[in-house]
Each structure stands twice: as C-alpha cells, then as structure tokens.
Amino acid sequence: MLNAVQSFWRSLMMVMQAAQRDLQNLIILSLIGGVDPPISLFLNKLIIDEVSCLLGQKITTSAVAVLMQESVLRWSIAGLIFLGLVKDSINTLNALTIGSLRDRVQGFVQEKVLEKVANFEDIALFENPELLNKVQLTETGIQRLSHLSFILITTLNGFFSFIPAILLSASISWWIPVVLFIFSTPSVYVELKYQKQSWKVEKTQASVVRQMNIYKEVLTSPVYAKELRLFSLQGLFLERWHSLFRNMLNAMLKIRSQGSIEIIIWSMLSGLGTALPYGYVILGAIGGKYTLGDLALFAGLILQVRQSLYLLINSGADFYNVALATSPIFEILALKPQIKLLLPASNPISPQPGLTICGGLQTSSTGTAIITTLG
C-alpha cells in the first residue's frame, strides 16, 4: 500500500518517463505565460497615468501627434499588443503540448498494466475479487494520470503568476498577501477531505463497476447477440445495469453535495479576505495616496493573487485526487505471483507423440493440459 505522497511522486516520475520533452516544453511555456498578467497590469497602470496626465493639460495637437510624442505611452501600448500576441501563441502551443503529453502518458501506462496482467503467471489474479477490483481501479487511475498533464500546466501557471503578483501586492502593504493567504487556506483542507471521501466511495464501488462492464459487454458484444435476442434478455440486463449505475451515482452525489456546501461557505470567507485589501486601495486612491493607474494596478494585483491562490489550491486537491487514484496502478505493477509456470528456457518442452503444443502448454488429442507448477 502506498500513501498519497509516494503515489504522487511515482506518478510524476512515470509522466516524466513517458513524455519528458513535452513536460519540459510545458514548464517553459508556463514560465513565459505566468509573468504575462503582472506585466500587463503594470503596462495598464502606465497607460492610465499617462492618459490622466494628458487629460489635465490643454492639448492643441491631434491625438496621433500626442501619441507619437509620448514615448512611455507609445511603448506601453505596443507592449500590451505584443503580450497579447505572445499569450495567444502560448495558449495554442499549450493545447498541442498537453494533448501530446496526455496521449503519450495514457499509452505508456496502459501498456505497462496490460503487459503486467497478460504475463502474470499466477491465475489467481483472475480469481481473487480484491485483485480484480484493483485491476478495475487501474482504469480510473490511467484516466487520472493522463489528466495529470492538465493539472501540471494549471499549477505551473498559478505558481509563475503568483510569485510576481504576490511581490507587487506586498509593495502596497505587507499584510495584504498575508490576509489573502490566510483567508484562502481553510478551503484547502475542506477540498482535500472530500477528495479522499470521494475516492473511498470509488474504491468500494469497484466491484459494482466490474459488474456493470460485464452487462455492458453482454449487451454490446456480437458474441452474445443471438442468445440475447433469442431469450429476450435485453430488458433484464439493461435493468440490472441501470440499477447498479443508479446506486453508484447516488453514493457519489451524496458525498459531492456535502462537500459543495462546505466549500461554498469557506469560499465566502475567502471573498471577504479579498474585499479588505481592495477597500484599502480604494480609500487610498480617494485620499490621494495612489493615482488612478496605481488603483488599476493594485486592484488587478489583488484579484491576480486571489486567482493564483485559487488555481494552486484546486491543483493541490487535484494532485491529491490523482495520487489516490493511481495507487492501484503501482500496486498491480508491484504484484508478485505465488505460483509460477516452470518453463526453463534451456530445456523447452518438446512435443511428445500424440500431443500438440498450444500456447506454451502440451495438450493431448483429448484436450487435457499438462502444466508444471512451482508452489
């Protein structure tokens, strides 16, 4: 059994092993995209201050001529246009890279699990309900692991935009980032708690999902199509599948509704933490302590810090969810057989008269399998 930290670390190593170059490209793109919002806010501040100053003067020339004379205003506008183009390009590259990383990771991990199960020498794997549940849970783990790329990019974007925003917001007053952080922290605990409870429900429902897959296979496979229609079993199997699905859905909805109510309450507290520094900046602008550009900059920074914290908090909960869901993958990959087929490479089984080699086993004309096992 792995704890959440061990499972997450192994998941990250597996992602790096499957698509290291894509992951490196995502980090670079996130670094560039993360510094864009604070720089854009600062350029907006310069533009607002310059325009406010010009409005207080008697201008006799045309607006175009004034724009050409004011180098700060001109370069600030050009910088905003350039950052907009860079942001659009980064969003496109991010989408392509995330898609490539997700497909590589999913194929890599799926192959590992299939190889382990296919070559597992102990047939008890397919007779033990607990082990079969773990195999079923690996499907959920593979989906979550392939989603890890999106969580990584969200976290990196939140982190790289959080650092410059938090430093600039501290220039307003030292207590502003502290208040924002303190008021946002409780929602982290609540989110992690309900992620864990949701995973417990998924684990208990693994056997139910296996039964649903059996009914699905019978209803959709051409192998059973004739018998299904001959004995009119469609309605019976559909009802059983629907009953299992309804029970599983109700169990998940109960946990999610409880978590949503508590998270909403703590989010309201987080909103109060944002209102305090925002009101402080507005009062400072009214009192003449800050310019209109400062007001736009500081107000934008406060919202940027809160948004970055929100991304980091939700990403932390998503990481925890991935860590819980991927633990069955590593448990299956680490599983050791208790019974092994004794097929030495140096002395392969030779066909005997009247026997046929079939899949590594000697079978007689009557179909009797001859196996050598080591207990």
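Leu46 and Phe82 sit in two unconnected hydrophobic clusters of ILVMFWY residues. Membership requires side-chain heavy atoms under 4.5 Å apart, directly or through other members. Taking hydrophobic clusters as Ile, Leu, Val, Met, Phe, Trp and Tyr residues chained together by side-chain heavy-atom distances below 4.5 Å, Val281 does not share a cluster with Leu283. Residues Leu238 and Leu244 share a single hydrophobic cluster, defined by chaining ILVMFWY side chains whose heavy atoms lie under 4.5 Å apart. Taken together through direct or relayed side-chain contacts under 4.5 Å among Ile, Leu, Val, Met, Phe, Trp and Tyr, Val113 and Val15 form part of one hydrophobic cluster. The hydrophobic clustering, which links ILVMFWY residues whose side-chain heavy atoms are closer than 4.5 Å, places Phe108 and Trp9 together.
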Side chain to side chain contact (heavy atoms under 4.5 Å, CB included) evaluation trace for Glu217 with Asn213: CA-CA 6 Å; Glu217 177 68 18; Asn213 288 339; over 6 Å; no

Verdict with supporting geometry, Val86 and Asp36, side chain to side chain contact (heavy atoms under 4.5 Å, CB included): CA-CA 9 Å; Val86 170; Asp36 173 76; 5.8 Å; no

Stepwise side chain to side chain contact (heavy atoms under 4.5 Å, CB included) test for Met14 and Phe330: CA-CA 10 Å; Met14 187 167 282; Phe330 303 110; 3.6 Å; yes

Steps toward side chain to side chain contact (heavy atoms under 4.5 Å, CB included) verdict (Asn44, Leu297): CA-CA 7 Å; Asn44 271 318; Leu297 172 63; over 6 Å; no

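In terms of heavy-atom proximity, Leu23 sits nearest to Leu101 at N-CD1, 3.6 Å. When all heavy atoms of Pro328 and Thr138 are compared, the pair lying nearest together is O-CG2, 3.8 Å. For the residue pair Ile48 and Ala296, the shortest heavy atom distance occurs at CD1-CB, 3.4 Å. Counting all heavy atoms, side chain and backbone alike, Leu333 lies closest to Lys112 at CD2-O, 3.7 Å. Taking both residues in full, the closest heavy atoms of Leu228 and Gln234 are given as O-OE1, 3.4 Å, listed atom of the first, atom of the second, then distance. Nearest heavy-atom pair, Tyr280 versus Lys289, reported as atom, atom and distance to 0.1 Å: OH-NZ, 3.3 Å.
The distance from atom CG of Leu31 to atom CD1 of Ile90, rounded to the nearest 0.5 Å, is 9.0 Å. Considering CG of Leu292 and SG of Cys53, their distance stands at 12.0 Å, rounded to 0.5 Å. With rounding to the nearest 0.5 angstrom, the CG atom of Leu236 is 7.0 Å from the OH atom of Tyr215. The distance from atom CD of Gln20 to atom CG of Asn25, rounded to the nearest 0.5 Å, is 10.5 Å. Remark: Ile214 CD1 to Phe237 CZ distance equals 10.5 Å, nearest 0.5 Å. Between atom CD1 of residue Ile28 and atom CG of residue Leu93 there is a gap of 11.5 Å, rounded to the nearest 0.5 Å.
Considering only residues two or more places apart in sequence or on other chains, Tyr290 meets the side-chain hydrogen bond (donor to acceptor under 3.5 Å, both in side chains) condition with none of them. Applying the side-chain hydrogen bond (donor to acceptor under 3.5 Å, both in side chains) test to Asp22 and every residue at least two apart in sequence or in another chain returns Ser100, Arg104. Shown here are the salt bridge (charged side-chain N to carboxylate O under 4.0 Å, His left out) partners of Asp49, two or more places apart in sequence or in another chain: Lys45. In this view, Lys226 satisfies the side-chain hydrogen bond (donor to acceptor under 3.5 Å, both in side chains) rule with no residue, not counting sequence neighbours. In this structure Ser11 satisfies the side-chain hydrogen bond (donor to acceptor under 3.5 Å, both in side chains) test together with Thr326, sequence neighbours excluded.
In this structure, Arg229 contributes its side chain and Ala225 its backbone to a donor-acceptor pair below 3.5 Å. Side-chain atoms of Ser243 do not come within 3.5 Å of backbone N or O of Glu239 as any donor-acceptor pair.
Using cut-offs of 30° and 60° on the angle between ring planes, the pair His242 and Phe245 is tilted.
No more than 12 heavy atoms of other residues, nucleotides or ligands sit less than 6.0 Å from atom CZ of Arg21. In Gln211, the CD atom is crowded: over 12 heavy atoms of neighbouring residues, nucleotides or ligands sit closer than 6.0 Å. Surrounding CH2 of Trp75 are at most 12 heavy atoms belonging to other residues, nucleotides or ligands under 6.0 Å away.
Sorted by first and then second residue, the salt bridge (charged side-chain N to carboxylate O under 4.0 Å, His left out) pairs involving residues 75-89 (not counting sequence neighbours) form an empty list.
At a threshold of 4.5 Å between non-hydrogen side-chain atoms, the residues Val72 and Ser76 count as touching. Side chains of Met212 and Met248 form a contact here, defined as non-hydrogen atoms less than 4.5 Å apart. At least one side-chain heavy atom of Leu83 sits under 4.5 Å from a side-chain heavy atom of Leu43. Side-chain contact between Ser40 and Leu80: present, with at least one pair of heavy atoms (C-beta onward) separated by less than 4.5 Å. Between Asn247 and Val208, the closest side-chain pair of non-hydrogen atoms is not below 4.5 Å.
Side-chain atoms of Thr97 and Asn94 form no donor-acceptor pair, as typed in the model, at a separation below 3.5 Å.
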